[in-house]
Amino acid sequence: MKKFVLKNTKRKKENYSIDYHSELNEQQYNAVTSIDGPQLIIAGAGTGKTRTLVYRVAYLVENGIKPESILLLTFTRKAAQEMMKRASNILDERCNRVAGGTFHSFSNFILRKYAELIDYSNNFTVIDRADSESLIGYIISNLGLNKKERRFPRKRTVLNIVSKSINTTYSVREILEKEYPQFIEEEKEIINIGKQYTHGKKTRNLMDYDDLLTNMVKLLTENEKIRQKLSNTYNYVMIDEYQDTNHIQALYASLIASEHENIMVVGDDAQSIYSFRGANFRNIMDFPIIFPKTELHTIEQNYRSTQPILDLTNQVIENAEEKYSKELFTDIEGIDKPIFIVPKDKFEQARFICQKVLELRNDGVELRNIGVLFRAGFHSNELEIELNEQNIPFVKFGGIKFIEAAHIKDVIAILRVTYNQADAIAWIRLLQLIKGVGAKTADYLVNEILVNDQGIKALISDTLKGKKYYSDLQSLYNLLDQILETDDEPITMFPKIFEFYSPIIKQKYDDYKKRELDLQSLLEISDRYSSTEKFLTDMSLEPPETSQVKAVATDKDDENLILSTVHSAKGLEWHTVFVIQLLDGFFPSSYSLESPESIEEERRLFYVACTRAKKNLFLLSPNLSFSRFSSETISYSEPSRFLTEIEPFGELTERWELTFDKSENGQIDEETQLLEDGKSKDTFNRIINYFKLSE
DNA sequence: TAGTGAGAGGTTTTT
DNA sequence: CCTCTCACTA
């Protein structure tokens with residue numbers, strides 16, 4: 001018999017187009033080249049987590065694994081795109097074919113094909129938080145619970161409880177006991193609302209964020225064949241930021257990997273900052289329990305920050321109650337310590353940042369390499385005003401989203417009802433835009449449209465003739481009819497929609513001019529989409545981040561200073577980082593002061609903030625803080641406990657004092673004048689306070 | 001039954 | 001400051 005020798009198809013090392021050995025350190029290399037079986041990578045901040053994942057994608061592809069069979073789950077779409085882009089850069093465009101995205105968007109992708117197996121139709125609509133709240137509100141008022149003697153929790157609170165119960169798999173009772181003891185008596189009602197809410201979403205063909213996860217798990221657990229099929233389609237599963245996954249996400253990921261166990265998760269317990277959403281960093285610790293064959297890799301060398309910055313961050317995490325952490329080290333030279341500043345107030349804080357930013361820009365640091373971080377969206381308000389005044393362009397991540405603005409939701413509602421006619425939430429919003437139509441009429445009409453199955457014809461039913469809003473309903477009908485007729489490109493529909501909406505926006509909002517600009521940007525965004533489904537889904541799942549027309553308009557994203565909540569800053573890094581509002585009650589948030597666990601989470605959050613910095617880190621703790629609700633009352637606040645607890649160890653930071661400088665020739669330039677104005681205002685306040693006190 | 005104005009109460013982080 | 005509710009008016 002003739003012997004036919006099969007060649008070893010595995011390439012030899014020297015055939016790789018990338019020299020993995022020289023481009024990665026040993027720890028990274030070991031992780032990257034582990035192809036099969038479960039892998040757990042514990043990697044500290046700035047140790048090249050992303051780099052490791054990127055190289056692993058390239059390595060897998062170079063080993064002949066089809067890119068389509070690699071599933072990369074990340075926390076944000078930004079992160080996923082970034083990784084694929086980088087992988088393509090180091091290897092080639094094959095890497096663009098890697099499957100992935102957020103847990104939610106991947107669920108959406110899969111469920112669009114299989115929703116029928118879990119009693120949904122495939123054209124379900126993804127609803128956002130506000131929509132969920134309205135549905136809950138609707139159920140509450142239907143049950144008459146808002147009319148009770150005892151105050152019933154608000155719809156937002158009810159949604160929080162229900163959602164948390166799903167995400168953490170704690171019972172409603174446990175959550176009530178722990179976080180809302182004042183509502184323990186309402187346990188039965190809340191559970192009931194939860195049930196009706198689930199049912200209500202199903203009949204209206206709506207899925208909220210939680211549903212995307214739970215339905216995916218449902219699909220995978222109840223349909224053996226689908227699970228096998230999906231698992232065999234996605235042969236290599238990789239998950240970033242594993243410390244921020246919750247129970248359901250961990251289950252979801254494990255199920256997809258169930259057939260082959262080729263799953264790599266990457267995380268850092270010190271950066272777990274999403275416990276409010278049910279994230280549990282123990283998922284990391286427990287990973288080897290689910291996959292006993294797990295190989296553990298740790299990566300400790302930091303490639304981002306200078307040693308003085310690491311000295312500080314190591315100290316921050318050293319103070320954590322539970323220390324799983326590793327001591328990070330770096331080779332990066334740097335002698336500048338983090339700078340600690342106590343400005344007089346928020347305004348001085350804003351002025352300092354503007355001035356420093358301009359200085360840095362003169363020194364050649366691009367704006368996009370500078371980040372300003374804060375605990376909550378509104379902390380940057382004063383800074384935004386100052387930036388606008390000084391014409392420094394910026395973009396803001398986190399906080400109120402463009403998509404949440406009322407006028408945007410109005411317009412989106414029109415598309416929603418045409419896409420999914422059962423979308424009662426959108427119907428009610430849309431119908432109430434018509435003058436003369438309130439909750440009752442809208443409710444009646446929705447019932448006609450859905451339950452009595454008349455579709456949009458119900459809007460021009462004869463029984464409505466004679467009503468004062470009849471003609472408006474008629475034009476709405478015409479609009480919807482036209483949209484249903486036209487092809488599926490959102491942008492082609494907008495002119496007609498604006499024609500309908502234009503009188504409404506003028507009547508409804510005093511500041512309609514500004515809002516019309518938003519509609520214009522919505523139009524531009526829609527231009528990128530070829531189908532309504534994709535457009536609507538992205539609007540709820542991955543909405544455009546920047547809010548309003550606030551930022552000074554620039555075309556290039558690159559030319560903007562970045563303002564961001566710490567949560568949204570995860571995984572990013574900047575040459576220079578400013579952390580602002582480091583005051584007890586702001587950061588850590590006053591909301592967290594009661595429980596030691598949430599303080600711990602705030603501490604990790606602070607750790608995440610500081611570890612974003614490569615070269616310069618500025619910590620700002622304004623001395624005088626205005627109350628959140630009015631600019632009249634002044635209160636003094638303590639610097640953040642995270643700062644005071646590390647200060648006694650000394651020498652970790654350099655203290656700067658801000659003083660006012662008059663120009664040499666005695667002339668006061670405009671900027672100094674501004675500073676002087678601020679000063680006299682403070683003097684004025686001091687005088688007023690003094691006399692108030694001595695009355 | 002829709003629209004309006006006064007008063008109260010809450011307030012983070014994200015998909 | 002903003003959102004929500006409630007009671008009143010048209």
The salt bridge (Lys or Arg N to Asp or Glu O under 4.0 Å) partners of A:Glu133 (sequence neighbours excluded) come to A:Arg129, A:Arg156
So, the side chain of A:Ser621 versus the backbone of A:Leu582: is there a donor-acceptor pair under 3.5 Å, distance only?
yes
A:Arg641: what forms a salt bridge (Lys or Arg N to Asp or Glu O under 4.0 Å) with it, not counting sequence neighbours?
A:Asp584
Mind checking A:Tyr274 for me? I need base, sugar-phosphate or nothing, with any heavy atom below 4.0 Å counting as a touch.
sugar-phosphate
According to side chain to side chain contact (heavy atoms under 4.5 Å, CB included), who are the partners of A:His379, at least two apart in sequence or on a separate chain?
A:Phe374, A:Arg375, A:Ala376, A:Gln581, A:Phe586
Between C:dC2 atom P and A:Arg156 atom CZ, what is the distance in whole Å?
14 Å
A:Arg375, nearest nucleotide to its side chain (from B:dG10, B:dT15, B:dT13)
B:dT13
Within the pair A:Ser568 and B:dT14, is there a side-chain N or O less than 4.0 Å away from OP1 or OP2?
yes
Closest to side chain of A:His104, choosing from B:dT15, B:dT14, C:dC4:
B:dT15
All salt bridge (Lys or Arg N to Asp or Glu O under 4.0 Å) counterparts of A:Arg277, not counting sequence neighbours:
none
Round to the nearest Å and state the distance from A:Leu563 atom CG to B:dT13 atom C1'.
16 Å
Please figure out whether A:Thr102 or A:Ser592 has its closest DNA chain B nucleotide nearer the 5' end.
A:Ser592
How long is the line joining CD1 of A:Ile127 and C1' of B:dT15, in whole Å?
13 Å
Could you check which of C:dC4, B:dT15, B:dT13 has an atom nearest any side-chain atom of A:Thr565?
B:dT13
Distance, rounded to the nearest Å, where A:Phe183 contributes CZ and B:dG9 contributes P:
12 Å
Salt bridge or not between A:Asp244 and A:Lys570? Use side-chain N to carboxylate O under 4.0 Å.
yes
Dump every N/O contact between nucleotides 2-6 of chain B and the protein below 3.5 Å, one line per pair.
unit_1 : atom_1 : unit_2   : atom_2 : d
B:dA2  : OP1    : A:Gly438 : N      : 3.3
B:dA2  : OP1    : A:Thr441 : N      : 3.3
B:dA2  : OP1    : A:Thr441 : OG1    : 2.4
B:dG3  : OP1    : A:Gly436 : N      : 2.8

With stacking defined as ring centroids separated by under 5.5 Å and planes differing by under 30°, is A:Tyr209 stacked against B:dT14?
no
Taking salt bridge (Lys or Arg N to Asp or Glu O under 4.0 Å) as the definition, give me every residue that meets it alongside A:Lys201, ordered by chain and number, with sequence neighbours left out.
A:Asp208, A:Asp211
Report the distance from atom CD1 of A:Ile248 to atom P of B:dT14, rounded to the nearest whole Å.
20 Å
